[in-house]
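Structure record follows, encoded as structure tokens.
Since we're looking at a predicted model, the values are computed, not measured. Residue numbers start at 1 and run along the sequence shown.
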Amino acid sequence: MAADDRLEDDELARRLREAHRRVRVLPVADRERFARRYLAICDLAKRDPDRAAARLEAFLADLYGDSDTPGAQKNASGD
């Protein structure tokens with residue numbers, strides 16, 4: 001593994017920890033939905049860190065309410 005790869009992995013790990021902190025304090029109904037998505041991203045990070053980073057971006061945007069996807073706030077809880 002190249003040194004640059006390690007730096008990217010550290011950044012992904014830092015952002016995953018940040019997401020975990022945010023999910024942990026959500027109300028129960030939201031926390032369950034976001035926790036499932038978060039765990040799926042963590043699992044993906046083991047196999048494909050680049051794709052996990054992209055999914056984490058979308059996840060954080062949804063978590064912060066910054067999603068630019070039309071109707072993002074209207075999605076069913078099953079995603």
Check: Taking all non-hydrogen atoms of both residues, which atom of Ile41 and which atom of Leu16 are closest, and how far apart?
Finding: CG2-CD2, 3.9 Å
Check: To the nearest 0.5 Å, how far apart are CG in Leu56 and CD in Glu11?
Finding: 9.5 Å
Check: What distance separates Arg55 CZ from Arg37 CZ, expressed to the nearest 0.5 Å?
Finding: 8.0 Å
Margin query: Could you report the tightest heavy-atom contact between Ala53 and Leu12, atom names first, then the distance?
Written below: CA-CD1, 4.0 Å
Item checked: Closest non-hydrogen atom pair, Leu63 against Ala19 -> CD2-O, 4.4 Å
Next item on the list: Kindly work out whether a path of hydrophobic side-chain contacts (I/L/V/M/F/W/Y, heavy atoms less than 4.5 Å apart) joins Tyr38 to Leu60.
Entry: yes
Next item on the list: Please identify each residue that fulfils side chain to side chain donor-acceptor pair (under 3.5 Å) with Arg17, with sequence neighbours left out.
Entry: none
Next item on the list: Could you pull out the closest heavy-atom pair between Leu26 and Phe34, with the gap in Å?
Entry: CD1-CD1, 3.6 Å
Notebook entry, point to check: Would you call Glu18 and Arg21 a salt bridge, taking side-chain N to carboxylate O under 4.0 Å as the test?
Noted result: no
Note to self: List the residues meeting side-chain contact (heavy atoms from CB on, under 4.5 Å) with Val28, not counting sequence neighbours, and say none if there are none.
What the structure shows: Arg31, Glu32
Checklist line | Hphob cluster co-occupancy, Val25 + Tyr64, side-chain heavy atoms under 4.5 angstrom | finding: no
